[in-house]
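Below, all heavy atoms of this structure are taken into account, side chains as well, without hydrogens, waters or symmetry copies. Numbers restart at 1 for each chain; the letters A, B, ... are given by sequence-line order, proteins then strands.
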Amino acid sequence: MRLEALVQASIQQALAELGWSFSGLIPVDRPRRPEHGDLSTRLPFMLAPSLGKAPQEVAHALAQRLRHNLAFAAVRPEAGFLNFVLQPQALHAVLKEILQDGLAYGRSSVGEGRLLQVEFVSSNPTGPLTIGHLRQAALGDVLASLYEDQGWKVVREYYLNDEGRQIDLLAQSLWARYRQALGHDEPVPPGGYQGAYLVPLGEELAKAWGDRYPVWTEQARQVFRTEAVARMMDMIHEDLQAIGVRFDVWTREGDLHRRGLVSEALQALRDKGAVYEKDGAQWLHSTAEGLSRDVVLVRSDGTPTYTMVDIAYHLDKWRRGFTLVIDVQGADHVDEQRQVLLALKILGLPHGFLRYCLHQFVTLKGEEGVQRMSTRAGRFLRLTDLVDAVGRDVARYFMVMRKPESHLVFDFELAKDTSMENPVYYVQYAHTRIASVFREGAKSGEWPVDTPQVDLSPLTHPEELALVKELDRFPDMVRLAAQELAPHLVCEYLEGLAGLFHPYYARVRVLGQGPATPARLCLLAGIKLVLARGLGLLGVSAPEEM
RNA sequence: GCGCCCGUAGCUCAGUGGAUAGAGCGCUGGACUGCGGAUCCAGAGGACGCAGGUUCAAAUCCUGCCGGGCGUACCA
């Protein structure tokens with residue numbers, strides 16, 4: 001039994017014996033200070049008012065009842081808390097269970113196979129992916145993994161905005177590069193895409209097509225739009241491959257229009273009385289529901305806005321059978337998010353169907369100081385350049401190591417220069433070291449061990465017991481990271497675990513220690529397992545050798 | 001102006017209302033005749049932006065300020 005459950009069950013029994021009751025989850029904390037025990041509960045504070053007793057008194061009474069429980073070496077009431085010191089045997093039992101679970105350790109079936117969609121990146125096909133998209137890609141991919149681990153059936157989806165003015169601008173920018181390649185003095189249109197990545201494409205088209213499109217006509221627009229989007233998608237696919245992200249479904253804006261979903265969603269909103277006309281445009285009456293402004297759904301020229309299409313898209317997600325949708329988006333989309341959430345509420349979709357993982361931007365600190373990035377101005381760092389410089393593991397890890405709503409300063413020079421003083425390597429090195437011990441142990445015949453038969457009683461060092469306690473925390477951590485959309489908790493956990501392992505390893509020898517050796521090898525096996533599981537959730541490799 | 005996010009060590013950042021606030025980097029000084037030194041040990045370094053409030057208990061919740069970011073388009 002896991003430690004938290006063990007404590008909760010024991011307390012429940014004590015409550016029953018005392019004729020007390022507590023509805024709800026009994027809180028179990030892991031105290032920072034060792035003198036406060038291995039585990040503690042603040043339950044007495046919660047129970048005291050209804051019992052008409054002081055917390056200290058409640059804690060005392062509970063401690064009396066729990067004192068003789070064989071799992072605990074001590075149960076101490078202190079300052080209204082109830083602190084538990086575990087018997088080493090209780091921890092040994094936990095380690096055995098972990099090893100028995102193997103790679104399934106920490107997995108859960110709470111998702112019950114329900115459908116979850118994670119929509120992320122969804123970058124417009126107007127250029128290659130940048131370091132900004134990398135944060136999205138890493139966050140979305142890790143969130144998807146976390147939910148898969150919790151028993152959800154996850155669809156990773158990319159929404160492809162292949163319509164609209166930005167695409168026209170891109171097409172015309174590409175056309176200008178094409179004309180330039182033919183020796184004409186055709187400037188990139190105002191507000192167009194200045195990036196150098198269009199130059200070689202323009203040259204290719206010039207070679208292939210010659211002087212076929214001398215002026216910007218409707219026909220040229222069609223041809224260059226199709227060509228530009230296809231080329232940009234090739235780039236994006238290449239970038240995604242570089243960081244190991246794969247999408248299950250690509251949805252194109254054009255498809256939503258073709259299937260009539262946009263007008264259908266608009267009609268549904270109209271039926272709810274949430275739409276009004278002003279200046280020839282159709283507006284969503286958002287202020288009526290407490291938002292700060294109304295938004296246009298259909299422009300006066302009859303075309304739907306981005307927001308309108310987004311609402312239709314999300315209504316379709318609901319119809320597709322998803323129980324939960326997580327959208328990973330940047331902070332510049334907050335206003336948009338509120339409007340969509342509001343529209344879904346008006347349409348009667350359940351609260352909580354759509355959750356946003358909102359993240360702040362990545363600022364890049366390079367040789368020229370902090371730079372604001374812009375795809376349109378051609379000022380950005382390509383994702384592939386970053387991956388080439390620091391590797392996929394570091395790139396992914398760095399993008400999720402901070403909580404999404406925090407700004408993330410990516411120091412490019414530091415990432416390259418100090419790659420040896422890097423948390424990713426610190427964690428991976430712990431895994432490698434254990435693998436190395438196993439290799440050595442295999443030579444001496446000490447490894448592998450018959451896990452179920454090993455006597456773990458030699459595991460008595462405080463560091464060893466602390467390590468098992470940390471391993472025990474892994475499933476809760478994964479659950480919390482998924483629930484709170486907080487992948488950084490995984491990084492924090494792994495660094496903590498590696499931070500317990502390295503000092504232990506430096507102090508305690510594993511091989512050639514008689515009966516202690518198989519016990520310690522079991523502990524190392526548990527650590528290695530959990531490190532691999534955690535790194536796996538992040539999409540970071542767990543190397544046997546470095 | 002209004003809305004949302006952030007403000008914690010020199011830097012980058014953790015910290016599910018709990019007990020004496022943490023990590024990495026950087027800095028100072030140590031540790032290799034045994035399993036990988038990409039490691040370990042020790043030290044210096046803090047008004048948790050400011051002021052009120054709620055609570056047995058606040059870095060955490062509420063209110064108001066101050067600072068930074070992002071929005072506030074018939075762009076996407």
[atom1] atom, [N] versus [M]: distance in rounded Å?
{"N": "B/G17", "M": "B/C6", "atom1": "P", "result": "14 Å"}
{"N": "B/G29", "M": "B/U33", "atom1": "C1'", "result": "25 Å"}
{"N": "B/U16", "M": "B/C61", "atom1": "P", "result": "9 Å"}
{"N": "B/G26", "M": "B/C41", "atom1": "P", "result": "16 Å"}
{"N": "B/A38", "M": "B/G15", "atom1": "C1'", "result": "27 Å"}
{"N": "B/A76", "M": "B/G64", "atom1": "C1'", "result": "37 Å"}
{"N": "B/G34", "M": "B/C40", "atom1": "C1'", "result": "16 Å"}
{"N": "B/G45", "M": "B/U28", "atom1": "P", "result": "16 Å"}

In A/R252, A/M233, A/M235, the residue satisfying side chain to side chain contact (heavy atoms under 4.5 Å, CB included) with A/P125 is A/M233
Ring geometry between [Y] and [X] (parallel below 30°, tilted from 30 to 60°, perpendicular above 60°):
{"X": "A/F81", "Y": "A/F45", "result": "perpendicular"}
{"X": "A/F84", "Y": "A/F72", "result": "tilted"}
{"X": "A/F501", "Y": "A/Y505", "result": "tilted"}

Distance-only, no hydrogens or angles: does the [X] side chain make a donor-acceptor pair with backbone N or O of [Y] under 3.5 Å?
{"X": "A/D393", "Y": "A/V540", "result": "no"}
{"X": "A/Q8", "Y": "A/I26", "result": "yes"}
{"X": "A/S173", "Y": "A/G192", "result": "no"}

side-chain hydrogen bond (donor to acceptor under 3.5 Å, both in side chains) filter on A/D239, not counting sequence neighbours, yields A/R382
| query | Checking all strands, does A/Q428 fall into the base, sugar-phosphate, or nothing category for heavy-atom contacts under 4.0 angstrom? | reply | nothing
Determine the contact category for A/P503: base if any of its heavy atoms lies under 4.0 Å from a base atom, sugar-phosphate if only primed atoms, P, OP1 or OP2 are that close, otherwise nothing.
sugar-phosphate
Could you pull out the protein-nucleic contacts involving nucleotides 3-5 of chain B (nitrogen or oxygen on both sides, under 3.5 Å)?
{"from": "B/C5", "atom 1": "O2'", "to": "A/Q360", "atom 2": "NE2", "distance (Å)": "3.3"}
{"from": "B/C5", "atom 1": "O2'", "to": "A/E405", "atom 2": "O", "distance (Å)": "2.9"}

Report each atom pair, protein N/O against N/O of nucleotides 33-37 of chain B, whose distance is under 3.5 angstrom.
{"from": "B/G34", "atom 1": "O2'", "to": "A/R509", "atom 2": "NH1", "distance (Å)": "3.4"}
{"from": "B/G34", "atom 1": "N2", "to": "A/R509", "atom 2": "NE", "distance (Å)": "3.4"}
{"from": "B/C35", "atom 1": "O4'", "to": "A/R509", "atom 2": "NH1", "distance (Å)": "3.1"}
{"from": "B/C35", "atom 1": "O2", "to": "A/L511", "atom 2": "N", "distance (Å)": "3.1"}
{"from": "B/C35", "atom 1": "N3", "to": "A/V510", "atom 2": "N", "distance (Å)": "3.0"}
{"from": "B/C35", "atom 1": "N4", "to": "A/Y505", "atom 2": "O", "distance (Å)": "2.9"}
{"from": "B/C35", "atom 1": "N4", "to": "A/V508", "atom 2": "O", "distance (Å)": "2.6"}
{"from": "B/G36", "atom 1": "OP1", "to": "A/S436", "atom 2": "OG", "distance (Å)": "2.1"}
{"from": "B/G36", "atom 1": "OP2", "to": "A/S436", "atom 2": "OG", "distance (Å)": "3.3"}
{"from": "B/G36", "atom 1": "O2'", "to": "A/Y429", "atom 2": "OH", "distance (Å)": "2.2"}
{"from": "B/G36", "atom 1": "O2'", "to": "A/R433", "atom 2": "NE", "distance (Å)": "3.4"}
{"from": "B/G36", "atom 1": "N7", "to": "A/S436", "atom 2": "OG", "distance (Å)": "3.2"}
{"from": "B/G36", "atom 1": "O6", "to": "A/M546", "atom 2": "N", "distance (Å)": "3.2"}
{"from": "B/G36", "atom 1": "N1", "to": "A/M546", "atom 2": "O", "distance (Å)": "3.4"}
{"from": "B/G37", "atom 1": "OP2", "to": "A/R433", "atom 2": "NH2", "distance (Å)": "2.5"}

Encoded 5' to 3' (Watson-Crick or G-U under 3.5 Å; [ ] crossing; | other strand), RNA chain B becomes (((((((..((((....[...)))).(((((.......))))).....(((((..]....))))))))))))....
Polar-atom pairs under 3.5 Å, protein N or O versus N or O of nucleotides 15-19 of chain B: list them with distances, or write none.
{"from": "B/G15", "atom 1": "OP1", "to": "A/H488", "atom 2": "NE2", "distance (Å)": "2.8"}
{"from": "B/G15", "atom 1": "OP2", "to": "A/K403", "atom 2": "NZ", "distance (Å)": "3.3"}
{"from": "B/G18", "atom 1": "N7", "to": "A/R42", "atom 2": "NE", "distance (Å)": "3.4"}
{"from": "B/A19", "atom 1": "OP2", "to": "A/R32", "atom 2": "NH2", "distance (Å)": "2.9"}
{"from": "B/A19", "atom 1": "N6", "to": "A/S40", "atom 2": "OG", "distance (Å)": "3.1"}
{"from": "B/A19", "atom 1": "N6", "to": "A/N83", "atom 2": "OD1", "distance (Å)": "2.9"}
{"from": "B/A19", "atom 1": "N1", "to": "A/N83", "atom 2": "OD1", "distance (Å)": "3.3"}
{"from": "B/A19", "atom 1": "N1", "to": "A/N83", "atom 2": "ND2", "distance (Å)": "3.1"}
{"from": "B/A19", "atom 1": "N3", "to": "A/H36", "atom 2": "NE2", "distance (Å)": "3.3"}

For this session: Tell me whether the OP1 or OP2 atom of B/A76 has a side-chain N or O from A/Y313 closer than 4.0 Å.
Result: no
The correct set of residues in residues 298-310 of chain A placing a heavy atom under 4.0 Å from RNA chain B is A/R299, A/S300, A/Y306
Q. If you measure from the Lys or Arg side-chain nitrogens to the Asp or Glu carboxylate oxygens, is any gap between A/E157 and A/K317 under 4.0 Å?
A. no
Here the gap from A/F247 atom CZ to A/S122 atom OG, rounded to the nearest 0.5 Å, amounts to 6.5 Å
